[in-house]
Amino acid sequence: MNAAENVRVRIAPSPTGAMHLGLVRTALFNWLFVRGQGGKFILRIDDTDAQRNQAEVVRPILEGLRWLGIDWDEGPEVGGAYEPYFQSERSRWHAEAVERLLHTGHAYWDYATPEEIDAERKQAIESKQGVFRYSRRWMAEGPGERHRFEAQGRRAVVRLKMPSAGRLELDDIVRGRVEFEWLREQDHVIQRQDGTVLYHLASAVDDAQMRISHVIRAEEHLSNTPRQVFILQALGYPMPRFAHLPFVAEPGSRNKLSKRKLAQYLRNRDFAELVEHGRRLLDRVGVGPEEVPNPVTVDFYREAGFLPEALVNYLALLGWALDDHSELFSREELVAAFSLERVNRSPASFDPLKLMAIEVRHMLALPVEERVRLTRPWLVRAGLVLRPVAPQVERTLSAVVEAAGDRIKVTGDILDYAGFFTSDDALEYDRAAFEKRLRAPGATDLLRRFRDRLVSVEPFTAPVLEDLLARFVAEEEVKVGAVIHALRVALTGKPVGFGMFETMAILGRESCLARIERALVRAESTEER
RNA sequence: GGCCCCAUCGUCUAGUGGCCCAGGACAUCACUCUUUCAAGGUGAAGACACGGGUUCGAUUCCCGUUGGGGCCGCCA
């Protein structure tokens, strides 16, 4: 076995619903690091016994990771040499660790009640020192004492017996040297009265037993590291390397991004726009506002039609940079370029605009067939296209995707061109645009005369049509704008869109004539006014 | 309150003592192109939080201040 195979990293999410973007970023950095090293990426679920129905509860996380292309070598559904990968199933090892800690004097039974502890804590915090250190007043040193306390009806928790002198010096890969005074660390509880263990104990033990070599996690855990180091040392386990990542912060601030503060983020214009964009698209395929996933979770981006490689690329740039100019990376390029040493120390806020910019670049880098494959389901879901998709419709879709270019940012944006897939007599018009362009003085007469030329022009292709219009406006002595705007509204129902001649060619002569005719009739009728 | 972390344009960042009166990207603005909306092209505006040191010389090193964040649970 070579050194690379000893590189083992993990993410250990607790299954609490959808997958938060911060978790995604942590997972990504772990994955990028280990794929570059040739080591193993482990997915462990830090669930608790209270959570039932394992498979159901981890589904959002598994789906999120899979969608992003972040694969795991060991963990749920794939197994591995260090099973089980659900923390709740590892309690016998946790109990065994607590036993050893007790036996070696690194932990003790404590019979204080929660109220007594609270009182001490409160007093300590109000005092000048400001540091809470449990008095160990109800610490039971031997069996005799335990019996005595238990006779009083007290029940014990197990606490860590933290050192009272010296310091811990940690060489964090991203933060450099960090020092802690042991004196400031508390006698944390590692086992509850009911015998179940707490997260820090379980996590440290699981990491050690799973041979985790690098603990790469969010900065919030930096302050928790001393107690885990203590547990590891006391148990005689080798020390992993630590790398504490900066937070993914809220749009426009340095606060940690949180699932619960969505309402507040919606006050950020850019973020609100991003969310609105997704909601609008989902609404058109029958997904109500209540069913739209939280945009602080990965589900939103998947549902709204973002490209996973774009999200990955963007998130990689949040807290990491290769140099002063590289921004666009494929997954493979990221793996090759990534290093923990180049991870930033300061929090990076989530910028919806930049995400969108990266998204567009990735979208444009895709071949047309691929974009067709990704956009097609939206048309089907919206009921605009029937399965199996007819060859004629397929050709239209391909042409629309091609012509729309960077206007299709997320896959759902194909719905902006729904007009190409509706029947000629079902086209909906933008009311304001219709008024402005088709009810302008002389607009219908001009459009009708141009329509007449369309009947016989051959072939019905963009260059020929462009030439036709050029000659037409010259003869009529009007500007191009006088007819083209009315034409656009008549053909697409909208004031904006891609090239007019491509639009006409894609629709074909028959549709163009029918749509113009329909628009003319409507424009000249009075009832619509 | 204690401890820990952080601090370059609005945002993401490059920068490890002189190449920087600070470079790139997104966003913004102007001009240009143009049948609309984008895109493209050209250009503009925009930052080293502050105060002390160290040094011939600090964005870069040290100290302090300020500001921001995190942790201090019988949560994970």
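Only heavy atoms go into these numbers, but all of them, side chains included; no hydrogens, no water, no symmetry mates.
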Can you tell me how far [atom2] of [N] sits from [atom1] of [X], to the nearest Å?
{"X": "A/Arg361", "N": "B/rC12", "atom1": "CZ", "atom2": "P", "result": "20 Å"}
{"X": "A/Lys256", "N": "B/rC4", "atom1": "NZ", "atom2": "P", "result": "20 Å"}
{"X": "A/Leu322", "N": "B/rA25", "atom1": "CG", "atom2": "C1'", "result": "14 Å"}
{"X": "A/Glu179", "N": "B/rC3", "atom1": "CD", "atom2": "P", "result": "14 Å"}
{"X": "A/Arg217", "N": "B/rC4", "atom1": "CZ", "atom2": "C1'", "result": "14 Å"}
{"X": "A/Asn224", "N": "B/rC75", "atom1": "CG", "atom2": "P", "result": "14 Å"}
{"X": "A/Glu220", "N": "B/rC72", "atom1": "CD", "atom2": "C1'", "result": "14 Å"}
{"X": "A/Leu201", "N": "B/rC74", "atom1": "CG", "atom2": "C1'", "result": "13 Å"}

| task | Enter the distance from A/Asp187:CG to A/Arg133:CZ here, rounded to the nearest 0.5 Å. | result |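 So the gap between those two atoms works out to 5.5 Å.
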Please tabulate, one pair per line, each protein N/O and nucleotide N/O from nucleotides 19-22 of chain B that are separated by under 3.5 Å, including the distance.
none

Both conditions, 6.0 Å and 45 degrees, for the charged tip of [X] above the ring of [Y]: are they met here?
{"X": "A/Arg154", "Y": "A/Trp138", "value": "yes"}
{"X": "A/Arg146", "Y": "A/Trp109", "value": "yes"}
{"X": "A/Arg431", "Y": "A/Tyr429", "value": "no"}

Quick one: label [X] by what it contacts on the DNA or RNA (base, sugar-phosphate, nothing), any heavy atom closer than 4.0 Å.
{"X": "A/Gly481", "result": "nothing"}
{"X": "A/His200", "result": "base"}
{"X": "A/Ala316", "result": "nothing"}
{"X": "A/Val157", "result": "base"}
{"X": "A/Arg342", "result": "sugar-phosphate"}
{"X": "A/Arg488", "result": "base"}
{"X": "A/Gly499", "result": "base"}

Classify the side chain of A/Lys354 and the base of B/rA25 as holding, or not holding, a donor-acceptor pair under 3.5 Å. yes
Checklist entry - With distance as the sole criterion, do the side chain of A/His325 and the base of B/rA25 form a donor-acceptor contact below 3.5 Å? => result no
OP1 or OP2 of [N] versus the side-chain N and O atoms of [X]: is any pair under 4.0 Å?
{"X": "A/Gln186", "N": "B/rG73", "value": "yes"}
{"X": "A/Asn344", "N": "B/rC12", "value": "no"}
{"X": "A/Thr16", "N": "B/rA76", "value": "no"}
{"X": "A/Arg345", "N": "B/rG68", "value": "no"}
{"X": "A/Arg254", "N": "B/rC5", "value": "no"}
{"X": "A/Arg192", "N": "B/rC75", "value": "yes"}

For the side chain of [X], starting at C-beta, report the closest nucleotide among [options].
{"X": "A/Leu317", "options": "B/rA76, B/rC12, B/rC6", "value": "B/rC12"}
{"X": "A/Val178", "options": "B/rC4, B/rC6, B/rG2", "value": "B/rC4"}
{"X": "A/Leu353", "options": "B/rC6, B/rA27, B/rU36", "value": "B/rA27"}
{"X": "A/Val496", "options": "B/rC74, B/rA14, B/rU36", "value": "B/rU36"}
{"X": "A/Pro347", "options": "B/rC6, B/rU36, B/rC71", "value": "B/rC6"}
{"X": "A/Arg184", "options": "B/rG23, B/rC3, B/rA76", "value": "B/rC3"}
{"X": "A/Phe132", "options": "B/rA76, B/rG73, B/rC6", "value": "B/rG73"}
{"X": "A/Asp406", "options": "B/rA38, B/rG23, B/rG69", "value": "B/rA38"}
{"X": "A/His221", "options": "B/rC26, B/rA14, B/rA76", "value": "B/rA76"}

Watson-Crick or G-U wobble partner for [N], using a 3.5 Å limit on both distances?
{"N": "B/rC26", "result": "B/rG10"}
{"N": "B/rU35", "result": "none"}
{"N": "B/rC3", "result": "B/rG70"}
{"N": "B/rC21", "result": "none"}
{"N": "B/rC61", "result": "B/rG53"}

Separation between the [atom1] atoms of [N] and [M], rounded to whole Å:
{"N": "B/rG24", "M": "B/rG18", "atom1": "C1'", "value": "22 Å"}
{"N": "B/rG1", "M": "B/rC9", "atom1": "C1'", "value": "36 Å"}
{"N": "B/rU54", "M": "B/rC63", "atom1": "P", "value": "15 Å"}
{"N": "B/rG17", "M": "B/rU13", "atom1": "P", "value": "22 Å"}
{"N": "B/rC6", "M": "B/rA49", "atom1": "P", "value": "15 Å"}
{"N": "B/rA58", "M": "B/rA39", "atom1": "C1'", "value": "43 Å"}
{"N": "B/rA7", "M": "B/rG51", "atom1": "C1'", "value": "15 Å"}
{"N": "B/rU32", "M": "B/rG69", "atom1": "P", "value": "45 Å"}

Item to complete: By nearest nucleotide on RNA chain B, pick out whichever of A/Leu318 and A/Val480 is the more 5' one.
Response: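 So the residue in question is A/Leu318.
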Legend entry - Closest-nucleotide ordering on RNA chain B, the 5'-leading residue of A/Phe501 and A/Arg159: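 Looking at RNA chain B, the more 5' nearest nucleotide goes with A/Phe501.
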Would you say the ring centroid of [X] lies under 6.0 angstrom from that of [Y]?
{"X": "A/Phe498", "Y": "A/Phe420", "value": "yes"}
{"X": "A/Phe329", "Y": "A/Trp320", "value": "yes"}
{"X": "A/Phe29", "Y": "A/Phe338", "value": "yes"}

Between [X] and [Y], is any side-chain donor less than 3.5 angstrom from a side-chain acceptor?
{"X": "A/Asp206", "Y": "A/Tyr85", "result": "no"}
{"X": "A/His20", "Y": "A/Asn294", "result": "no"}
{"X": "A/Gln186", "Y": "A/Arg159", "result": "no"}

So A/Tyr314 and A/Phe350, ring pair (Phe, Tyr, Trp, His ring centres under 6.0 Å) or not? Walk me through it. CA-CA 9 Å; A/Tyr314 174 68; A/Phe350 183 82; 5.6 Å; yes
Side chain to side chain donor-acceptor pair (under 3.5 Å) with A/Asp172: of A/Arg177, A/Arg241, A/His244, only one passes, and it is A/His244
